[in-house]
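Notes follow the structure.
Only a predicted model underlies this, so the values are computations on that prediction, with no experimental measurement involved. Throughout, protein chains are lettered first and strands after them, A, B, ... in sequence-line order, and every chain is numbered starting at 1.
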Number of protein chains: 2
Amino acid sequence: MSTIMVETFQSPLGRLPVTSSDRLLLEMQRAIVEGELPAGSKISEPELARKFSVSRAPLREAMARLERCHLIERIPNAGARVVKLSIEGLQALYQIREELEGLACRLAAENMDEHEIEQLRALLDQHLQSQRVREGESYYQEAGDLDFHYRIILGSKNPYLINMLCDELYFLVRMYRVQLGMNGPRVSRAFDEHKAIINAIASRDGELADLLMRRHIAASRGNIELKLQQVGKQHD
Amino acid sequence: MSTIMVETFQSPLGRLPVTSSDRLLLEMQRAIVEGELPAGSKISEPELARKFSVSRAPLREAMARLERCHLIERIPNAGARVVKLSIEGLQALYQIREELEGLACRLAAENMDEHEIEQLRALLDQHLQSQRVREGESYYQEAGDLDFHYRIILGSKNPYLINMLCDELYFLVRMYRVQLGMNGPRVSRAFDEHKAIINAIASRDGELADLLMRRHIAASRGNIELKLQQVGKQHD
DNA sequence: GATCAATAAATTGTCGACAATTAATTTGTT
DNA sequence: AACAAATTAATTGTCGACAATTTATTGATC
């Protein structure tokens with residue numbers, strides 16, 4: 001399991017983190033996604049440089065890449081802030097996700113080889129088992145679900161698509177999911193949907209796989225939307 | 001006309017170029033798109049820094065953003081190269097474009113207000129006139145066509161979609177078009193397709209607008225593919 | 001007491017220099 | 001002469017300091 005996770009989850013860089021700016025990027029991505037750097041908070045370059053014990057040069061390079069994946073917003077000569085989560089943002093993000101992951105499914109049905117499909121099935125079996133063992137533990141579901149989506153995206157074999165989804169959009173997706181959580185009946189239903197998607201891919205039915213993935217993502221969006229509305233009401 | 005072009009084409013930054021890294025980015029984008037920095041050539045940081053009379057700091061920042069829009073490819077501790085154009089790359093790029101601009105059309109049919117649609121019609125009229133006047137002059141068609149696409153993308157009102165298409169993908173699209181050209185009967189046919197797309201948007205038929213845009217882009221891809229094959233044969 | 005202008009503090013953008021890594025050249029061996 | 005290893009050169013990554021811009025504070029005026 002752990003090797004699998006490493007395979008897919010360490011690849012935001014597409015390589016091992018060799019440079020100090022690479023490590024900074026990974027660390028800050030994690031910190032923002034998990035809310036350690038709170039949404040909406042200002043980022044002070046001197047402060048963070050001290051905190052991570054590096055100079056501002058690699059920090060700024062990491063920040064440029066954080067901006068690329070929509071985790072921070074910069075204004076020239078003014079500074080950078082961690083993004084805020086909002087219903088509008090979620091909807092705009094998931095609109096793109098539906099489209100691109102639908103495409104990824106269609107391409108995966110064409111381009112994944114039998115071995116890759118077999119591995120995808122094996123992954124789902126693992127999920128079913130670990131779900132039984134760790135009922136209600138949300139992190140594994142979180143990671144497992146994303147791992148599933150990652151593999152299909154990689155299976156599309158389209159480098160631009162892979163880059164856009166895995167390197168740019170997915171951190172924000174994770175941020176919504178980690179900070180707003182996924183729970184309740186949605187978790188087990190997601191497994192069934194995953195299964196149906198694999199079947200469509202395995203039978204090389206790209207059109208169906210596309211449709212099922214779009215519905216899967218739409219359902220997931222609905223789930224998070226509810227959470228966001230609840231949080232919104234608390235603050236009123 | 002010129003004001004219109006400025007409006008849409010200067011906005012890769014989403015703002016005026018205030019910083020020295022901003023200006024560098026614009027200049028290098030132009031140089032790469034137009035082939036002044038040849039495809040596949042290595043980029044030497046010290047050399048370019050001298051050429052543009054700046055230090056390496058803003059140059060590296062500009063390069064990070066060039067990487068983001070797929071105009072250069074970097075390898076840590078090794079260097080950066082200008083991307084090469086290829087049929088595989090074109091197909092992968094246009095696969096995404098079809099999907100995302102199709103979505104943009106659908107959203108534009110929902111979200112553009114009457115005034116924006118009216119402006120879009122006016123733009124097309126301008127194109128028809130300038131096409132008559134400057135028959136065969138490819139640059140105006142080039143810019144006009146992209147301007148048309150830009151407006152629809154902006155009309156989608158989805159910030160992530162706008163960012164991905166206008167700030168990331170479109171420079172590469174332009175690079176293919178500028179370096180491989182668009183000409184022949186395709187030019188006038190494209191105008192008709194534009195007209196049909198506007199009509200669909202104006203009648204709020206998002207589904208049709210989506211379909212027409214996908215076909216329009218697929219046709220455009222076919223045109224460039226032919227050129228690429230011709231160039232490929234020359235080098236054999 | 002509130003509003004605006006001027007000043008002071010802090011932050012961002014840029015620079016030149018050094019360290020670490022990679023590529024090129026030279027040298028020695030088979 | 002061809003290949004391999006070692007040395008040299010060049011390039012990239014990082015650092016600390018300075019300049020330019022923005023934000024915060026202070027003081028003056030109504």
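Shown are Ile72(A), Leu59(A), Leu71(A); of these, the side-chain contact (heavy atoms from CB on, under 4.5 Å) with Met28(A) is made only by Leu59(A).
To the nearest 0.5 Å, atoms CD (Glu47(B)) and NZ (Lys42(B)) are separated by 9.5 Å.
From the 5' end on, the contacts that DNA chain D makes with chain B at under 4.0 Å to a non-hydrogen atom open and close at dT12(D) to dT14(D).
Note on Arg68(B) versus Glu168(B): salt bridge recorded, some NZ/NE/NH1/NH2 to OD/OE distance being below 4.0 Å. We find that Arg151(B) and Glu116(B) are not joined by a salt bridge, their nearest charged nitrogen and carboxylate oxygen being 4.0 Å or further apart. Look at Arg50(A) and Glu45(A) and you find no salt bridge, because none of the NZ, NE, NH1 or NH2 atoms lies under 4.0 Å from a carboxylate O.
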Per-nucleotide protein contact string for nucleotides 5-11 of chain C, where B marks a base within reach and S marks sugar-phosphate only (heavy atoms under 4.0 Å, - for neither): -------
Could you list the donor-acceptor pairs under 3.5 angstrom formed by side chains in residues 76-92 of chain A, with sequence neighbours left out?
residue	atom	partner	partner atom	Å
Arg81(A)	NE	Gly40(A)	O	3.1
Arg81(A)	NH2	Gly40(A)	O	3.3
Ser86(A)	OG	Gly89(A)	N	3.0
Gln91(A)	NE2	Glu225(A)	OE2	3.3

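A donor-acceptor distance shorter than 3.5 angstrom exists from the side chain of Asp22(A) to the backbone of Val18(A), with no hydrogens or angles considered.
Of the two residues near DNA chain C, Arg56(B) and Glu61(B), the one whose nearest nucleotide lies more 5' is Glu61(B).
With a 4.5 Å cut-off on side-chain heavy atoms, Met213(B) and His149(B) count as touching.
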